[in-house]
There are 2 protein chains.
Amino acid sequence: MTTERPLRVLLADDEHLIRGALAALLALEEDLVVVAEAASGPEALAMALAHRPDVAVLDLQMPGADGVKVATSLRAELPHCRTMIVTSHGRPGHLKRALAAGVRGFVPKTVSARRLAEIIRTVHAGNRYVDPELAADAISAGDSPLTAREAEVLELAADGAPVAEIAERASLSQGTVRNYLSSAASKIGAENRHTAVRLARERGWV
Amino acid sequence: MTTERPLRVLLADDEHLIRGALAALLALEEDLVVVAEAASGPEALAMALAHRPDVAVLDLQMPGADGVKVATSLRAELPHCRTMIVTSHGRPGHLKRALAAGVRGFVPKTVSARRLAEIIRTVHAGNRYVDPELAADAISAGDSPLTAREAEVLELAADGAPVAEIAERASLSQGTVRNYLSSAASKIGAENRHTAVRLARERGWV
DNA sequence: CACTGCTCATGACAAACGTCATGGGGTGGC
DNA sequence: GCCACCCCATGACGTTTGTCATGAGCAGTG
């Protein structure tokens, strides 16, 4: 691990404080070099295309496009580049979305920098790494019992919009919307759609 | 700034990655020394009492007790210690709560480490610092138009509970609850209580 | 003291919502 | 080809909400 070509890393996080600090810590690792930094989704994509990193470390929540979206685009445009997600809130749903997008690493920000460096190497080697606790959460939350439309309608109900508005935005009749909301709520075990939205959010089903 | 006694800093953030990285960056500043780190609210309090820092840099969201609660306790138990909050999401309400708790600095995590160090010095010198953008948000959100009971009832409605449950938990009649919710929603300009809850949250009125 | 504003309540009405039964159309599996 | 399951809709029903008018008790203010 001395004379080898260093592992090129892209760092994307909208929080300057964290991104800078992270870059500084990763720079301490001899075999890693941070070749680019980005503060938003689109910027991350542009930087990746310009600097062609081996591994892209993406924050989940960024302006423009979140980490998973960036990972999806990256997979298409820069297939050799491995992607991993670092996040503060480990919702089960995010993990699922990320894995579906071809992300190979998923870690909470509670890990240490040294550990993160190890995981970057693991991911670069072609292996996967998912934080055990997050994985356990995802398993215990189970798979979503909701159908595609139920989930969609529930999402439209998220900000407290009345049925009429949801119906219009989904191009459905009001009756249909109420049916979907009703079945979604009963599947989730909620008394009304508002608590249903909350619970579905917590379990990563929307 | 060479022979002076260094400025003692406590760092509290539940995200190990960020806390460690931050400590490393602040260590680069000659006049600052991180004397303690904590990963939770209670731990932050204990560490502060043990190490008596000059400035406590607290994350807003931590397990156990959030940054503002810690600041409140700190103010009582360690009055000479200045407190400041660093946060990812700058909700106007948080800022108001923080200032009321005697916090002297309030910054988003989008600032650079160098800037943070400057602000730590500013706060230590007895001055206040509030991120201009967050301050503007707080001002534009204005003061809450809600009466005490309206806010209380709205809060009980936060998780989507039906009126009957709210009435029971508030020891009010259902009719009264509906009146409060109605007037609160109309004051806020929301169509129903659920959006009212959301908007009130965003503006820091609950 | 009159006035204003908050608190709490009741009753009543319309609108919105949750639930159920029912049915047609589509897709995929066995 | 049958069956299961999803998608979408309609109509009907009872319940929950939102809104309004009204009024009593109780501060605090000028």
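Each chain gets a letter, A, B and so on, in the order the sequences are listed, and its residues count up from 1. Quantities reported herein were computed from a predicted structural model and do not represent experimental measurements.
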*D:dG18 C1' sits how many Å from B:Ile188 CD1, rounded?*
15 Å

_Does B:Thr176 reach a base, just sugar-phosphate, or nothing at all? Heavy atoms under 4.0 Å._
base

*Report the nucleotide, chosen from C:dC17, D:dC7, C:dT19, that has the shortest atom-to-atom distance to any side-chain atom of A:Val163.*
C:dC17

_Phosphate OP1/OP2 of D:dT10 contacted by A:Ser173 side-chain N/O (<4.0 Å)_ = yes

*With the threshold set at 4.0 Å, does a side-chain nitrogen-carboxylate oxygen contact exist between A:Asp59 and A:Arg19?*
no

*What are the two closest heavy atoms between B:Ala151 and B:Trp205, and how far apart are they?*
CB-O, 4.3 Å

*Considering only heavy atoms and no angle criterion, is a donor-acceptor pair shorter than 3.5 Å present between the side chain of B:Asn179 and the base of C:dT10?*
yes

_Just the rounded figure in Å: distance from P of D:dT17 to CG of B:Leu156._
14 Å

_For atom CD of B:Glu191 and atom C1' of D:dT17, their distance in whole Å_ = 14 Å

*Would you mind checking if B:Glu202 and B:Arg198 are paired as a salt bridge, meaning a charged N to carboxylate O distance below 4.0 Å?*
yes

*Just checking A:Arg149: base, sugar-phosphate only, or nothing, at a heavy-atom cut-off of under 4.0 Å?*
sugar-phosphate

*Euclidean distance, atom CG of residue A:Leu181 to atom P of C:dA16 [Å, nearest integer]*: 15 Å

*Would you indicate what B:Ala185 reaches in the nucleic acid, counting non-hydrogen atoms under 4.0 angstrom: base, sugar-phosphate, or nothing?*
nothing

_Tell me the interatomic distance from B:Ile166, atom CD1, to D:dT16, atom C1', rounded to whole angstroms._
12 Å

*Write down the distance between NE2 (B:His194) and C1' (C:dA16), rounded to a whole number of angstrom.*
11 Å

*Select from A:Ser183 and B:Tyr180 the residue whose nearest nucleotide in DNA chain C is closer to the 5' end of that strand.*
B:Tyr180

*Would you say a side-chain N or O of B:Ser186 is under 4.0 Å from OP1 or OP2 of D:dG18?*
no

*Using whole Å, report how far CD of A:Glu150 lies from P of C:dT19.*
13 Å

_Tell me the interatomic distance from B:Gln174, atom CD, to C:dG11, atom P, rounded to whole angstroms._
13 Å

*Quick one: is C:dC17 close enough that its OP1 or OP2 comes under 4.0 Å of any side-chain N or O from A:Arg193?*
yes

*asked:* Please determine whether a side-chain nitrogen or oxygen atom of A:Thr147 lies at a distance below 4.0 Å from atom OP1 or OP2 of D:dC6.
replied: no

_Assess the residue pair A:Asp13 and A:Leu22 against the criterion (side-chain contact (heavy atoms from CB on, under 4.5 Å)); give the C-alpha distance rounded to whole Å, side-chain angles, the decisive distance to 0.1 Å, and a yes or no._
CA-CA 10 Å; A:Asp13 193 318; A:Leu22 218 52; 5.5 Å; no

*Indicate, with a heavy-atom threshold strictly under 4.0 Å, whether B:Asn192 touches base, sugar-phosphate, or nothing.*
sugar-phosphate

*Within 6.0 angstrom of B:Arg121 CZ, more than 12 heavy atoms from elsewhere*: yes

